[in-house]
There are 2 protein chains.
Amino acid sequence: MPTKILAMPRRTKPPKRAPGGARAGRGLDLLQTLRTRIATQEIPPGAKLREHELAEAFGVPRARIRQALFALEQRGLVERIPNRGAVVTRLDLAQIFRIYDVREVLEGLCVRLATQNVPNESWQDLLEKFQGPMQEMLQQGDLDAYTAGYDAFRRRIIEAAANPLLTEMLDSIYEKTQVLIRRILILPGRASVGLREHIAVLEAMRRGDAGEAERLRRANLRSAREYLERYQKYVL
Amino acid sequence: MPTKILAMPRRTKPPKRAPGGARAGRGLDLLQTLRTRIATQEIPPGAKLREHELAEAFGVPRARIRQALFALEQRGLVERIPNRGAVVTRLDLAQIFRIYDVREVLEGLCVRLATQNVPNESWQDLLEKFQGPMQEMLQQGDLDAYTAGYDAFRRRIIEAAANPLLTEMLDSIYEKTQVLIRRILILPGRASVGLREHIAVLEAMRRGDAGEAERLRRANLRSAREYLERYQKYVL
DNA sequence: GCAAAAACTATTGTCAACAATATTGTTGAC
DNA sequence: GTCAACAATATTGTTGACAATAGTTTTTGC
C-alpha cells in the first residue's frame, strides 16, 4: 500500500504554529498543496484519500482536510462518495476529448483578448524566444526547459487577457490535463509541429491580428487533440 | 434591515427528519436553494450572509451553512472576507463584459457540438416554435413565456452538446447573469432582434451546418453585449 | 468637546468527541 | 467447500462547545 504518497513538504512545527507572523493562509496552503500533487499525479488517479490519514500526514485537524476535500470535489479533482470517501478522479478518453473541446475555445478567446489588450510590440520577445532558443531546446531534447518556456507563454497570454473568470476556468482545466500535455509533447514529431504552430500564433499577435491569432490557437489545440487521438494507446 | 430574505421554503420538520425515505440530498438541497435565490436576486447583491442567521432560518446546524457558503464562494456567488463574513457578489460592468466574452465562446462551442451530436431533424420542432409561437408571445408582450421558451432552447442545446464540463461552466455563468439576461430582454427592440438571431442559429443547426451555427450564436451574444453596452445606464 | 484607548459585542474560525454507515473478517450451517 | 448471516473494525458524517478576530460603543484624559 502506498501510504507515503502524502507526507508534508517539510513541516517543522506540528505542535505549535509560528507565533509571530501572519499564517492565515494555512487552509489555502493545504488546498494548494493537494491540488498540485494531484495535478502532477504525485497522488495518482484512483488513489483513496482518507481523511484521518491526510490529517495526520499534514498535522492539521481533520475538519480542515474535510474542507479541502470538499473544495477539490467542486473543482472536479476528486470524487466523493457518501460514507465511502474520496478518490482522485480518473479521466477516461471521452472526458479528455470533452475537456479539449472546451480548452480549444477558451485558449482561443484568451489569445484574442491578449492581442487586443496589450501593444503588439510586447510579444516581440516571446516571438524571438520561440524562433530561437525554444527551437534549440527541442533539438537538444531538453523538454523540461521547453515545457517551462511554453508555460511562460501561456501565463503571459492569460495575464494579458486580464479576465479573471477565464483565468480561473483555464487553470481549472490545466490542472486536470497538466500531465497529459507533457505526454503529448513526447509523441513523435509533436513538439516541433507544436512549436511551429505557437510561432504562427505569436506572429499573428505581433501583427495585432486578434482574429487570426484566435483561429491559429484553436487550430493548434485541435492539432494536439488529433495527436492524442492517433496515439491514444501510448498516452493512456 | 431585511432579515426576512431567508426563511425556508416550507420546513415542516425542524426537530426530526423524515424517518423513512432517502434524505441524503439535504446538504445539496440547501446549496441549491441558496444558489437559485442569489441567482434570482431574491437575495440581492451586497446582502450579508450571516452563518448563525442562516442556520436558524433553515433549521440546520451552522456547520452545514458554512460548508454551503464555502461552496458558493468557490462558484463566485459570494465573497468571503476572513472573520467578517460573506456577502453576495456584486458585479460591476467590467466584470459583466468579461463574463460575456467567455459566454460567447462557450455558447458557440455548445451549439457546434449540439449540431454535430444529434440528427438535424431533431431541431425541427424548436425551429418551428421560434418561427411561430415565440413570435406571437413577443407581440403579446408575454415575456415570461418567451423567457421560458428561450430557456428550453438553451437547455436542449446544452443537453445535446453532452459535455459535462461545458454544462457546468455555462451553468456557473448563467446563475451569475440570469437577472441581467432578463433585463436585456426588455430593452427596446432587443427581443425581436434576438429572436431573429436565434432563428438563424436554429436554421443552421437544422441544416447541420455546425460551423455556421457556432458563428451565428457567437454573433448573437456579441449583439446582446452591444445592447448592454449601449443601454448600460438603464440596466444597471 | 474631541480624540484615543479600552471594554464589549457580534461574528466567524477551530476543534475534538460522538453518531452513523460501509467494509471486512469470522463463524456456522448446509 | 461454499454461502449466508453476524460481529468487528474502519471510515466518514454531524454536532455543539470553545477560541479568535473584527467592529462598536463607552469611557477617560486632555
Side-chain angles (χ1 to χ4, degrees), chain A residues 1-3 5-6 8 11 13-32 34 43 46-74 77-89, chain B residues 1-3 5-6 11 13-31 34 43 46-74 77-89:
Chain A
M1 269 295 164
T3 31
I5 289 166
L6 322 166
M8 202 60 176
R11 185 99 172 86
K13 294 190 178 184
K16 292 280 171 228
R17 285 83 166 260
R23 42 127 212 67
R26 249 260 124 275
L28 264 294
D29 234 19
L30 167 67
L31 191 104
Q32 192 56 46
L34 283 174
I43 306 177
K48 269 189 175 180
L49 265 38
R50 267 173 282 267
E51 296 179 358
H52 186 65
E53 219 171 279
L54 287 167
E56 197 163 333
F58 283 83
V60 299
R62 199 164 66 93
R64 236 180 275 181
I65 298 290
R66 216 176 149 62
Q67 205 176 15
L69 287 179
F70 194 73
L72 290 175
E73 182 192 23
Q74 291 232 328
L77 288 181
V78 306
E79 281 166 26
R80 273 161 80 74
I81 314 153
N83 289 314
R84 292 258 331 202
V87 299
V88 177
T89 304
Chain B
M1 272 295 160
T3 30
I5 289 166
L6 323 165
R11 185 100 172 87
K13 293 189 178 185
K16 291 282 171 222
R17 284 86 166 257
R23 43 126 213 69
R26 258 258 129 265
L28 263 294
D29 235 20
L30 167 67
L31 192 106
L34 284 174
I43 306 178
K48 270 188 175 179
L49 264 38
R50 269 172 282 265
E51 295 181 358
H52 187 66
E53 218 171 277
L54 287 166
E56 198 162 332
F58 282 84
V60 300
R62 196 164 68 93
R64 234 178 278 181
I65 298 292
R66 214 177 149 64
Q67 207 175 15
L69 287 180
F70 195 72
L72 290 175
E73 181 192 23
Q74 292 230 327
L77 287 180
V78 307
E79 282 166 25
R80 272 159 82 73
I81 314 154
N83 289 312
R84 291 256 329 178
V87 298
V88 178
T89 304

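Reminder, nothing fancy here: chain letters follow the sequence lines and each chain counts from 1.
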If I take atom [atom1] from residue [X] and atom [atom2] from residue [Y], how far apart are they, to the nearest 0.5 angstrom?
X	Y	atom1	atom2	value
Leu49(B)	Leu34(B)	CG	CG	6.5 Å
Glu53(B)	Ile65(B)	CD	CD1	10.5 Å
Arg50(A)	Leu69(A)	CZ	CG	12.0 Å
Leu30(A)	Arg64(A)	CG	CZ	8.0 Å
Phe70(A)	Gln74(B)	CZ	CD	8.5 Å
Ile43(A)	Leu54(A)	CD1	CG	7.0 Å

Check your understanding: For the residue pair Ala55(B) and Pro61(B), what are the closest heavy atoms and their distance?
Key -> CB-C, 4.2 Å
Nearest whole Å is fine: how far is [N] [atom2] from [X] [atom1]?
X	N	atom1	atom2	value
Leu69(A)	dT12(D)	CG	P	8 Å
His52(B)	dT9(C)	NE2	P	16 Å
Glu53(B)	dT9(C)	CD	P	19 Å
Glu79(A)	dT12(D)	CD	C1'	17 Å
Glu51(B)	dA17(D)	CD	P	17 Å
Arg62(A)	dG13(D)	CZ	P	8 Å
Gln67(B)	dT12(D)	CD	P	14 Å
Lys48(B)	dT12(C)	NZ	C1'	12 Å

Review point. Considering only side-chain heavy atoms of Arg50(A), which listed nucleotide, dT14(D), dT14(C), dT11(D), is closest?
Key: dT11(D)
**Study point:** Residue list, side chain to side chain donor-acceptor pair (under 3.5 Å) with Arg80(B), at least two apart or on another chain
**Key:** none
Review point. At under 4.0 Å, does any side-chain N or O of Arg66(A) touch on OP1 or OP2 of dG13(D)?
Key: yes
Practice item. Just call it for Arg80(B): base, sugar-phosphate, or nothing, with non-hydrogen atoms closer than 4.0 Å on any strand. Key: sugar-phosphate
Study note, to complete from the structure: Listing for DNA chain C: consecutive Watson-Crick or G-U pair runs of at least 3, distance cutoff 3.5 Å, ranges ordered by first number, gives C:1-30 with D:1-30
Please tabulate, one pair per line, each protein N/O and nucleotide N/O from nucleotides 22-24 of chain D that are separated by under 3.5 Å, including the distance.
{"residue": "dG23(D)", "atom": "OP1", "partner": "Arg84(B)", "partner atom": "NE", "Å": "3.4"}
{"residue": "dG23(D)", "atom": "OP1", "partner": "Arg84(B)", "partner atom": "NH1", "Å": "2.4"}
{"residue": "dG23(D)", "atom": "O5'", "partner": "Arg84(B)", "partner atom": "NH1", "Å": "3.4"}

Review point. Side chain to side chain donor-acceptor pair (under 3.5 Å) with Arg62(B): which of Glu56(B), His52(B), Glu51(B), Gln67(B)?
Key: Glu51(B)
